[in-house]
Amino acid sequence: MIELTSKQRKILERHAQPLNPLAQIGKERFNEEQAAQISRLLDEHELVKVRYNIVRNMTEGENATDLKRELDKLIEQYTNSTHVRTIGNVAVFYRAAKEPENRKFEKELSKA
């Protein structure tokens, strides 16, 4: 996990805006299978949107904001990625590609 500056976050947010969510966290909550799926997606795309459908199925006593923050941290830990932003029920995660020649955003991020 890397620390992003606000300028770097803005760059990644701009690139993530047209993307569709590729993974979903449903009523089963977050598990290792979903972590592996998100990790594979990060290997392929570097920047991935995750939809939190679980928020729709919450009981009255649960706090949606706390649940989303908890999910953000869990996904970061399990996938060794960096949480860029959560807007509504969609979170964006970034992890640079392992091979330097496959890194799509490195040049732009290094300038920020």
| query | Roughly how far, to the nearest 0.5 Å, is CG of Leu47 from OH of Tyr94? | reply | 8.5 Å
| task | Working to the nearest 0.5 Å, report the span between OG1 of Thr82 and CG of Asp72. | result |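 Result: 12.0 Å between the selected atoms.
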Check whether any side-chain N or O of [X] sits under 3.5 Å from a backbone N or O of [Y] as a donor-acceptor pair, and report yes or no.
| X | Y | answer |
| --- | --- | --- |
| Lys49 | Leu22 | no |
| Arg51 | Ala91 | no |
| Gln8 | Thr5 | yes |
| Arg103 | Ala96 | no |
| Glu76 | His83 | yes |
| Ser110 | Glu106 | yes |

| said: Tell me which one of Asn80, Asp43, Thr79 satisfies side chain to side chain donor-acceptor pair (under 3.5 Å) with Arg95. | reply: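 When Asn80, Asp43, Thr79 are each tested with Arg95, the side chain to side chain donor-acceptor pair (under 3.5 Å) holds only for Asp43.
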Does any part of the side chain of [Y], heavy atoms only, come nearer than 4.5 Å to the side chain of [X], both counted from C-beta?
| X | Y | answer |
| --- | --- | --- |
| Leu71 | Thr86 | no |
| Val92 | Glu13 | no |
| Asp66 | Glu70 | no |
| Phe93 | Ile75 | yes |

| field | Other residues, nucleotides, ligands: >12 heavy atoms within 6.0 Å of Glu33 CD | value | no
| field | Tyr78, OH: over 12 other non-hydrogen atoms inside 6.0 angstrom | value | no
| query | Taking NZ, NE, NH1 and NH2 as the nitrogens, is one of them in Lys104 or Glu46 under 4.0 Å from a carboxylate oxygen of the other? | reply | no
| Between Arg14 and Glu108, does at least one N-O distance fall below 4.0 Å, as a salt bridge requires? |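 Yes, charged N to carboxylate O under 4.0 Å.
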| task | Identify the heavy atoms of Lys68 and Tyr52 that sit nearest to each other, and give their distance. | result | CG-CD1, 3.6 Å
| request: Mind listing the closest non-hydrogen atom pair of Ser81 and Leu42 along with its distance? | output: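 Smallest heavy-atom distance, with atoms named: CB-CD1, 3.6 Å.
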| task | Please step through side-chain contact (heavy atoms from CB on, under 4.5 Å) for the pair Val90 and Val50, ending with a clear verdict. | result | CA-CA 6 Å; Val90 178; Val50 178; over 6 Å; no
| Can Leu4 be reached from Ile87 by stepping across I, L, V, M, F, W or Y side chains whose heavy atoms are under 4.5 Å apart? | no
| said: Pair Leu109, Ile11 - check side-chain contact (heavy atoms from CB on, under 4.5 Å), show working. | reply: CA-CA 7 Å; Leu109 290 175; Ile11 290 167; 4.1 Å; yes
